[in-house]
Amino acid sequence: MPEPVLLAVDDDLDALGRIEHELRQRYGGYYRVACEDSPEAGLRTLQDLMAADQEVAVVLADQWMPGMTGVEFLTRARHLYPDAKRALLFERGNRTTREPILQAMALGQIDSYVPKPERPPDEGFHSEIAHFLEEWTRDYRPASVAVCIVGDPWSARSYELRDVLSRSGIPHAFSAADSKEGRELLARVDKTSAQLPVVTVFDRLVLVDPDNAEIIDAFEMISPFGLNTLSDVRDFDLVIIGAGPAGLAAAVYGASEGLRTVVVERETFGGQAGTSSLIRNYLGFSRGISGSELAWQAYQQAWLFGASFRLARHTTALRHRPEPLVVSLSDGTEVAGRAVIVATGASYRRLGVPSLEALQGAGVFYGAAVVQAQGMMGQEVYVVGGGNSAGQAARHLSKHARRVTLLVLGKSLAAHMSQYLIEEIEATENIRVRLNTRVIDGGGQGRLEHLVLKDRASGLTETVPAAALFVLIGARPHTEWLPEEVTRDERGYIITGSDLLRDGMPPEGWPLERPPMLLETSVPGVFAAGDVRCGSVKRVASAVGEGAIAIQMVHEHLN
Ligand SMILES: Cc1cc2nc3c(=O)[nH]c(=O)nc-3n(C[C@H](O)[C@H](O)[C@H](O)COP(=O)(O)OP(=O)(O)OC[C@H]3O[C@@H](n4cnc5c(N)ncnc54)[C@H](O)[C@@H]3O)c2cc1C
């Protein structure tokens with residue numbers, strides 16, 4: 001296999017010479033280093049590499065180059081090589097790159113920014129490059145392959161399998177059934193393309209059309225560093241349901257503070273955060289951190305403190321009488337605990353437009369309007385949704401964007417938005433509202449550049465320029481499996497603590513002298529943390545905070 005390419009582009013020849021020297025000295029044995037002195041030459045090189053079927057791992061570019069800025073160049077590079085890590089080069093002490101970095105990170109045009117190397121060896125430069133290469137090789141050139149999949153590259157199940165394995169940190173390879181490798185593997189394990197997907201685990205076990213739990217369990221059985229999911233132990237101090245940021249934080253604190261802890265998760269660790277390409281506002285990560293990296297680190301941390309995991313199984317019921325609390329799992333097993341933390345999160349409703357799904361993080365965002373707002377300076381921004389969250393997002397974005405257009409499917413805002421917000425929107429000069437409008441398509445070169453809107457009344461479609469689209473069309477909490485004694489609001493979010501009190505009195509059926517504690521539900525010993533909780537702030541840091549606080553409450557309950 002030819003070496004993957006590291007490409008750097010800078011019109012400052014001294015700087016380019018230093019970058020080339022550092023890259024060749026440190027990585028030349030395993031990677032091909034290409035350096036160009038103009039963005040045009042850089043794009044030609046990328047096109048040639050594509051034509052030669054060569055992999056590109058990292059693309060670096062200076063911002064201030066004649067003819068095209070570094071951000072424009074890196075945006076085009078994403079179009080050619082969507083999987084390559086893209087970073088803007090900056091000179092230490094030069095503040096002119098700050099604004100472009102802020103905006104490009106918000107719009108998903110770059111992954112990060114890297115200081116240009118000074119005196120060799122420049123370890124500050126290398127720590128960034130090494131980090132990119134670590135992430136890239138984990139996804140595209142794993143040192144060893146534990147799981148091989150042969151499938152139809154276009155089927156939803158193939159995509160889901162690869163996604164779950166990537167997020168679980170299981171090194172895997174995928175071959176199309178009609179490729180040479182795919183045909184060879186099928187013949188070797190004596191299977192046909194009528195039985196797809198076929199999965200081999202460590203070349204020892206062959207599974208035909210397995211579910212996620214079968215693959216994860218097989219990996220666990222064979223690998224000495226498995227996912228710690230198989231165990232006969234049934235009784236725990238604490239059962240945590242959901243391994244998103246809230247559940248993982250609870251697992252880290254619970255297990256490290258001596259509670260025998262198990263985490264039940266229907267997919268794999270990370271939750272919604274695990275699907276985010278870059279979390280930019282989590283404390284301590286100035287360049288942002290990918291959701292999968294954060295999830296992987298948190299999972300390992302919980303694992304090292306001794307938490308057990310039951311991955312790829314969902315909960316189907318919770319029994320709270322008689323004690324202890326018993327949780328039923330989709331594989332037919334049960335786990336029991338003296339306390340339970342429900343951290344099952346919520347799912348954002350999707351637009352269901354494939355061209356826009358492909359641009360998630362590169363101009364298309366679910367929810368995260370506040371985080372991205374500053375990066376929208378001077379941009380044409382769209383918000384989809386007719387409820388209060390969409391209205392608030394539009395108001396917030398209007399402080400930075402040139403213009404915000406609120407796209408509403410219904411005939412009026414009044415149906416789902418508070419009057420005060422409608423008045424604020426009407427009074428804001430750079431917000432306009434388009435009623436009766438559906439987003440039907442969109443696209444751009446490596447980032448969102450246009451949307452196609454359809455007027456439901458006239459049936460007419462219109463293509464409009466757009467730098468960002470924020471989708472806020474509702475979310476659904478994962479609470480349908482809970483018993484009715486766990487009180488929820490009209491949308492299904494779990495009510496906790498003092499919100500359960502009516503005229504200062506605990507809810508009906510509450511059996512204890514004391515009122516429900518902070519984060520405690522209407523069933524004693526059952527707590528809720530993170531997005532699933534009514535009134536929670538939908539952020540990674542707040543979910544983590546609630547997971548940690550819940551452990552304090554669990555100790556108090558158990559004592
Ligand atoms: C694309 C995207 C980008 C985001 N970016 C940011 C950002 O940059 N900054 C920020 O602060 N926030 C961001 N958010 C919001 C943030 O990710 C969430 O607020 C956070 O993940 C909530 O954590 P949680 O643990 O409460 O729930 P979740 O992350 O939703 O995790 C819940 C977990 O429970 C599991 N589960 C559900 N039902 C069951 C069941 N019955 N049995 C077992 N398991 C179950 C789910 O599979 C999931 O893994 C983003 C969200 C999305 C979708």
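Counting starts at 1 for both ligands and their atoms, following the listed order.
Here is the list of ligand 1 atoms found below 4.0 Å of a heavy atom in H314: 40 (C), 41 (N), 42 (N), 43 (C). Shown in contact with G530 at under 4.0 Å from a heavy atom are these atoms of ligand 1, numbered in order with element: 26 (O). Atoms of ligand 1 lying under 4.0 Å from at least one heavy atom of W481, given by number and element, are 41 (N). The atoms of ligand 1 that sit less than 4.0 Å from any heavy atom of I241 are 42 (N), 43 (C). Against a heavy-atom cut-off of under 4.0 Å, S276 is close to the following atoms of ligand 1: 3 (C), 5 (N). The distance from ligand 1 to the heavy atoms of A543 drops below 4.0 Å at these ligand atoms: 22 (C), 23 (O), 26 (O). Using a 4.0 Å cut-off to heavy atoms of V264, the atoms of ligand 1 that qualify are 43 (C), 44 (N).
Polar contact with ligand 1: absent for Q360 (N/O pair, distance under 3.5 Å). In terms of N/O distances under 3.5 Å, ligand 1 is approached by R539. Taking only nitrogen or oxygen atoms, main chain and side chain alike, G270 does not reach within less than 3.5 Å of ligand 1. Checked by distance only, ligand 1 and V540 come closer than 3.5 Å through their nitrogen or oxygen atoms. Residue Y366 places no N or O, backbone or side chain, under 3.5 Å from any N or O of ligand 1.
Between Y366 and Y348, the ring planes lie tilted relative to each other; the angle falls in the 30° to 60° range.
L453 contributes atom CG, which lies 5.0 Å from atom CZ of R434 (distance to the nearest 0.5 angstrom). In this structure, CZ on R78 lies 9.5 Å from CG on D83, to the nearest 0.5 angstrom. L107 CG to T75 OG1: the interatomic distance, rounded to the nearest 0.5 Å, is 8.5 Å. Once rounded to the nearest 0.5 Å, the distance linking CD of E380 with NE2 of H450 reads 14.5 Å. How far CZ of R86 is from CZ of F132: 10.0 Å, rounded to the nearest 0.5 Å. From T316, atom OG1 reaches atom CD of E334 across 8.5 Å, with rounding to the nearest 0.5 Å.
Within the set R266, E265, E267, the minimum heavy-atom distance to atom 48 (C) of ligand 1 is found for E265. Closest to atom 25 (O) of ligand 1 by heavy atom, among G271, G345, G291, A246, is A246.
No part of L248 comes within 4.0 Å of ligand 1, judged by heavy-atom distances. Of the heavy atoms in E546, none comes closer than 4.0 Å to ligand 1. At a heavy-atom cutoff of 4.0 Å, ligand 1 is contacted by no atom of Y282, backbone or side chain. At a 4.0 Å heavy-atom cut-off, ligand 1 touches A343 through the backbone alone. Heavy atoms of H478 found under 4.0 angstrom from ligand 1 belong exclusively to the side chain.
F236 has its side chain within reach of S308: a pair of non-hydrogen atoms, C-beta onward, lies under 4.5 Å apart.
Looking at R76 and E72, no side-chain N of the basic residue comes within less than 4.0 Å of a carboxylate O on the acidic one, giving no salt bridge. Electrostatic pairing of K85 and D111 does not count as a salt bridge here, judged by no charged N lying under 4.0 Å from a carboxylate O.
Under the 4.0 angstrom criterion for non-hydrogen atoms, V532 is not in contact with ligand 1.
Exactly one of N281, I279, V544 qualifies for a side chain to side chain contact (heavy atoms under 4.5 Å, CB included) with R539. That residue is N281.
Side-chain rings of Y140 and W136 approach one another, their centers coming within less than 6.0 Å.
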